[in-house]
Amino acid sequence: MFEPKALVPSLQRLLAALRRLPGVGPKSAQRIGYHILRSPREEAVELARTIVTLKDRVGECHICGNVAERGEGEKALICPICADPQRDQARLMIVEEPYNVEAFSKTGVYGGLYHVLGGLFDPLAGIGAVELGLDSLARRVAEGSFREVILATSPTTAGEATASYLHELLKPYGVTLTRIAVGLAPGADVDYADEVSLRLALEGRREMA
Ligand SMILES: [Zn+2]
């Protein structure tokens with residue numbers, strides 16, 4: 001354990017910043033911090049620049065909420081999936097977070113479009129329909145040419161509550177609503193499922209009554 005007072009201010013600031021990262025405790029912060037301190041200047045500058053570039057160029061796709069990068073001279077943020085005309089425009093999969101898009105894409109069995117909620121229903125934390133931008137999702141489904149909408153939130157309590165809300169919300173639009181099913185144990189999280197489990201969950205999806 002390092003003694004903060006024994007550190008020079010710049011190193012102290014770096015270690016404090018590293019400790020704010022998820023999964024980084026005091027020991028890891030120390031290891032990473034001293035590694036950066038000892039590494040060649042160009043390497044450290046490259047790391048810092050990469051982070052700045054990410055923050056400047058990357059944001060939410062204005063269509064689906066996935067991660068998108070602004071090209072030179074482009075104003076609107078559109079992700080690679082929404083920009084790809086080869087994708088199956090008749091299928092829409094609703095997921096919690098952008099990294100779920102990546103995980104479902106890796107299964108190789110889904111070629112449709114996505115919609116990223118950015119969270120799940122959580123009344124205690126004040127997260128509801130407004131916070132999840134469900135009016136824009138409903139508009140997208142109303143205006144789109146989707147035949148099937150797949151509800152791919154985790155089979156946890158919050159994931160199920162969100163899925164049943166979405167079911168009620170989207171029912172009037174005449175699309176087939178399916179729910180990912182087998183492969184994921186009840187209460188298991190989509191975030192931690194492996195590719196095979198996600199593929200099985202997707203292939204075993206069932207139409208919601
Ligand atoms: Zn998109």
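All ligand and atom numbering here is 1-based and tracks the order in the structure. Quick note: residue numbers are just sequence positions, from 1. If you're wondering where the values come from, they're calculated on a predicted model, not measured in any experiment.
Taking the salt bridge (Lys or Arg N to Asp or Glu O under 4.0 Å) definition, one finds that Glu143 meets it with nothing, sequence neighbours left out.
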Return all side-chain donor-acceptor pairs below 3.5 angstrom for residues 120-128, not counting sequence neighbours, or 'none' if the list is empty.
residue: Asp122; atom: OD1; partner: Ala125; partner atom: N; Å: 3.4

Side chains of residues 43-54: which donor-acceptor partners sit under 3.5 Å, not counting sequence neighbours?
residue: Thr50; atom: OG1; partner: Glu46; partner atom: O; Å: 2.6
residue: Thr53; atom: OG1; partner: Arg49; partner atom: O; Å: 2.8

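Within the protein, the N, O or S atoms sitting under 2.8 Å from the Zn ion (ligand 1) are Cys61 SG, Cys64 SG, Cys79 SG, Cys82 SG.
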Query raised in the report: Going through the distances and angles, do Val141 and His115 end up as a side chain to side chain contact (heavy atoms under 4.5 Å, CB included)?
Result: CA-CA 10 Å; Val141 172; His115 196 93; over 6 Å; no

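Arg147 CZ: 12 or fewer foreign heavy atoms inside a 6.0 Å radius.
Between Arg199 and Glu195, none of the side-chain N atoms (NZ, or NE/NH1/NH2) sits under 4.0 Å from a carboxylate O, so this pair counts as no salt bridge.
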